[in-house]
Amino acid sequence: MDLSAIQQALRERNIDAWLFYDHHHRDPIAYRVLGLPDGLMVTRRWYYLIPPKASPLSWCTRLSRDTWILCPG
């Protein structure tokens, strides 16, 4: 994931943030943009917020915390 490019695009378009979320691999775009592996085992809902200037934030259950080691925030 190119975090700086995403944040720059958000700033240029005056967008408050970009929220990604998924449950059972129903959003392939989120996986591509965030650079998550195709075979990643995800069985719980997750949320990932990229603001234009601050560090990204992730919300997930305790069972899926290891997934977010792959992404900053």
Side-chain angles (χ1 to χ4, degrees):
M1 166 178 60
D2 189 347
L3 180 59
S4 60
I6 292 171
Q7 290 181 314
Q8 179 64 32
L10 294 173
R11 286 191 297 271
E12 289 170 359
R13 292 161 180 82
N14 293 320
I15 297 174
D16 293 331
W18 190 355
L19 176 64
F20 296 91
Y21 59 94
D22 191 45
H23 185 232
H24 292 294
H25 288 279
R26 292 190 176 121
D27 185 3
I29 293 171
Y31 289 83
R32 282 195 304 263
V33 171
L34 297 176
L36 297 173
D38 290 334
L40 189 65
M41 178 67 161
V42 178
T43 59
R44 306 278 193 264
R45 287 175 178 85
W46 58 263
Y47 305 87
Y48 192 75
L49 181 75
I50 300 178
K53 294 182 181 174
S55 295
L57 301 170
S58 62
W59 294 274
C60 61
T61 67
R62 226 179 252 198
L63 297 172
S64 57
R65 275 190 298 197
D66 292 341
T67 299
W68 298 107
I69 292 171
L70 303 170
C71 292

For residues Ile50 and Met1, report the shortest heavy-atom separation together with the two atoms involved.
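Ile50 and Met1 have their closest heavy atoms at CD1-SD, 4.0 Å.
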Show which side-chain atoms of residues 12-20 pair as donor or acceptor with protein atoms under 3.5 Å away, not counting sequence neighbours.
residue: Glu12; atom: OE2; partner: Gln8; partner atom: NE2; Å: 3.0
residue: Arg13; atom: NH1; partner: Ala9; partner atom: O; Å: 3.2

Counterpart residues, side chain to side chain contact (heavy atoms under 4.5 Å, CB included), relative to Pro51 (two or more places apart)
Ala54
Gap between atom CG of Leu3 and atom CG of Leu34 - 0.5 Å precision:
10.0 Å
Is a side-chain N or O of Asp27 found less than 3.5 angstrom from the main chain of Asp22, in a donor-acceptor match?
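No; zero donor-acceptor contacts below 3.5 Å.
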Please enumerate all residues that pass ring pair (Phe, Tyr, Trp, His ring centres under 6.0 Å) together with Tyr31, with sequence neighbours excluded.
His25, Trp46
